[in-house]
Amino acid sequence: MKELINSPLVHVCLTLIVFILSKKLQQKYKTPLLNPILITIGVVIAFLLITDTSYEDYESNTQIISFWLAPSVIALGYALYSFLEEIKADFKKIILSMLAGSLTGILSVFTIAYLFGASKATMISLAPKSVTTPIAIEVSNQMGGIPSLTVAFVILVGVLGAIFGQAYLKLIGVNDSKSVGLSLGATAHALGTASISEKGPDFSAFGGLGMALNGVITAILAPWVIKLLLLILY
Amino acid sequence: MILIKQIAIFLGLWFLGESISFYTHLPLSGSIIGMLLLVVGLELKLIKTKDVKDVANFLLNNMAMFFIPAGVGLMCHYRVLKQEWLPISVAIVLSGLLILTVVGLIMKKRS
């Protein structure tokens, strides 16, 4: 029985079915609180605990799903290409906002975690929380964080951004596709971008751009900023 | 056949990106380099839109799903999350709001 359940077939099917059902649930009730990613993660974790299956087993069984993460990041290039002219027209402002956003993100998450008494490893693992998984893992690894913990933070940030990001932006009067896309992409990477994809291809394109630029800038800045902060705080 | 060709292009770009990342030691992941290569390839007409369109749309529409296996990994960090839930959640939420505000307001200015 256990061998039957602990297989790629069962784990992939479970993941897809729960995801489809929770997406239907969200469409029916139209509230961002019923985030399909969050529900699916919760149900799968419960299933693994009940069937006494390790995460390592689930992870290797579902590689056929996570394999497409990198190609889907590459696909953002297609969305970007369609809006290249608009990006060129606003290039300076876009770069400025991304530099400011990336710095704000690293500095704020690090110092706030420090003030509230987080451990050093947690703080470093938190620093690249807003960038897409592969880059975040690299930064965390390089600086002495815990890469798998960083992945957990990246997902948490992504889910929170997907649930509350749009509502908050509306509150502060940010509505156009360029500003919404760039800020959500820079804050909550691919999950933030996915949450606005239904609003139109321009939203996805700028989300992808925000995610890419923030990833690039953070990958370059984070090691220096972390080193400096560690020097000041410890 | 059309889909297979398109998938092959994406995997080829991915491999090219990984190779560049590996040999140049750029602080960029292979997928991000692959994404930039796709933009350049399309702009220079080395890659035709019709050769990537369908798979690109499929991947973009289902991006969130590909994160689920990584997200389930949250279960491995139960202890840290329980011990340090306060600094972690305050830092994540406030920092997220700050980034949204900074980027959103700079972009909104004069646009």
Side-chain angles (χ1 to χ4, degrees), chain A residues 15 19 37 40-41 44-45 55 58-59 62 65-66 68-81 97 100-101 104-105 108-109 112-113 116-118 122 126 133-135 148-149 151-152 155-157 161 168-169 174 178-179 182-183 186-187 190-191 194 204 212 215-216 219-220, chain B residues 10-11 13-14 17 27-32 34-39 42-43 52-53 55-56 59-77 80-81 84 86-88 90-111:
Chain A
T15 309
F19 185 68
I37 307 286
T40 312
I41 290 173
V44 171
I45 290 180
Y55 173 63
Y58 173 78
E59 191 189 23
T62 50
I65 299 176
S66 34
W68 297 102
L69 202 55
S72 72
V73 170
I74 297 174
L76 284 168
Y78 171 75
L80 269 185
Y81 169 72
S97 73
T104 307
S108 63
V109 82
I112 294 168
F116 280 81
T122 302
L126 272 169
T133 330
I135 297 183
S148 66
L149 188 60
V151 174
I155 303 281
L156 277 177
V157 170
Y168 175 73
L169 286 172
V174 175
K178 214 178 250 181
S179 317
L182 283 167
S183 49
T187 310
L191 287 176
S204 316
V216 173
I220 298 167
Chain B
F10 275 94
L11 299 187
L13 285 168
W14 185 9
L28 293 178
S29 67
S31 54
I32 295 275
M35 172 181 125
L36 299 173
L37 289 175
L38 178 57
V39 177
L42 286 167
E43 176 76 354
V52 287
K53 200 173 135 212
V55 169
L59 291 169
L60 290 171
N61 291 334
N62 295 288
M63 200 173 203
M65 193 185 74
F66 307 133
F67 272 92
I68 291 171
V72 174
L74 276 172
M75 71 187 274
C76 303
H77 296 288
V80 179
L81 293 174
E84 301 188 41
L86 184 71
I88 291 171
V90 176
I92 283 181
V93 171
L94 285 186
S95 170
L97 292 179
L98 278 172
I99 306 174
L100 285 175
T101 313
V102 167
V103 178
L105 293 185
I106 292 180
M107 283 312 297
K108 207 184 126 188
K109 223 176 159 195
R110 288 179 295 125
S111 73

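Atom set for the values below is all heavy atoms of this structure, side chains included, hydrogens, waters and symmetry mates excluded. Sequence lines set the chain letters: A, B, ... in the order given, protein chains first and strands last, and positions in each chain run from 1.
Both the backbone and the side chain of Ile99(B) come within contact range of chain A, judged by heavy atoms closer than 4.5 Å. For Val102(B), the part sitting under 4.5 Å from any heavy atom of chain A is the side chain, from C-beta outward, and nothing else. With a threshold of 4.5 angstrom between heavy atoms, Tyr78(A) approaches chain B through its backbone and through its side chain. Only the side chain of Ile155(A) comes within less than 4.5 Å of a heavy atom of chain B; its backbone N, CA, C and O stay farther away. Both the backbone and the side chain of Leu182(A) come within less than 4.5 Å of a heavy atom in chain B. At a 4.5 Å heavy-atom cutoff, the contact between Val109(A) and chain B is made by backbone and side-chain atoms alike. Only the side chain of Ala194(A) comes within contact range of chain B, judged by heavy atoms closer than 4.5 Å. For a residue to count as touching a neighbouring chain, one of its non-hydrogen atoms must lie under 4.5 Å from one of that chain's; by this rule Ser66(A) touches chain B with backbone and side chain alike. Interface remark: Leu80(A) contributes side-chain atoms only to the contact with chain B (heavy atom separation under 4.5 Å). With a 4.5 Å cut-off on non-hydrogen atoms, Val55(B) does not touch chain A at all. Heavy-atom distances place the side chain of Leu126(A), and not its backbone, under 4.5 Å from chain B. Using a 4.5 Å cut-off between heavy atoms, Glu43(B) touches chain A through backbone and side chain atoms alike.
With sequence neighbours excluded, no residue forms a side-chain hydrogen bond (donor to acceptor under 3.5 Å, both in side chains) with Thr133(A). For Glu59(A), the salt bridge (charged side-chain N to carboxylate O under 4.0 Å, His left out) test picks out no residue, with sequence neighbours left out.
In terms of heavy atoms, Glu84(B) sits closest to Ala118(A) at OE1-CA, 3.3 Å. Scanning both residues, Ile37(A) and Met65(B), for their nearest heavy atoms gives CD1-N, 4.3 Å. Residues Lys108(B) and Ser179(A) come closest through the heavy atom pair N-OG, 3.8 Å. Closest heavy-atom contact between Ser95(B) and Gly105(A): OG-O, 3.3 Å. Closest of all the heavy-atom pairs between Val103(B) and Ala186(A) is CG2-CB, 4.4 Å. Heavy-atom minimum distance, Ile112(A) versus Ala91(B): CG2-CA, 3.6 Å.
Between chain A and the residues Val80(B), Val72(B), Leu59(B), the largest count of heavy-atom pairs under 4.5 Å involves Val72(B). For the set Leu105(B), Leu98(B), Val90(B), the entry with the most heavy-atom pairs within less than 4.5 Å of chain A is Val90(B). With chain A as partner, the option from Leu13(B), Val93(B), Asn62(B), Leu97(B) having the largest number of non-hydrogen pairs under 4.5 angstrom is Leu97(B). Taking Gly73(B), Pro69(B), Gly34(B) one by one and counting their heavy-atom pairs under 4.5 Å with chain A, the maximum is reached by Pro69(B). Ranked by heavy-atom pairs shorter than 4.5 Å toward chain B, the options Thr62(A), Ile74(A), Thr40(A) are led by Ile74(A). With chain B as the partner, the residue from Leu169(A), Leu149(A), Leu156(A), Val151(A) showing the most heavy-atom pairs under 4.5 Å is Leu149(A). Between chain A and the options Ile88(B), Asn61(B), Leu94(B), Leu37(B), heavy-atom pairs under 4.5 Å are most frequent for Ile88(B). In terms of heavy-atom pairs under 4.5 Å with chain A, the best-connected choice from Val52(B), Thr101(B), Leu81(B) is Thr101(B).
Here the side chains of Trp14(B) and Val73(A) are not in contact, with every heavy-atom distance at 4.5 Å or above. Side-chain contact check for Ile65(A) versus Ile68(B): every heavy-atom pair is 4.5 Å or farther apart.
Taken to the nearest 0.5 Å, the CG atom of Leu74(B) stands 10.5 Å off from the OG atom of Ser148(A).
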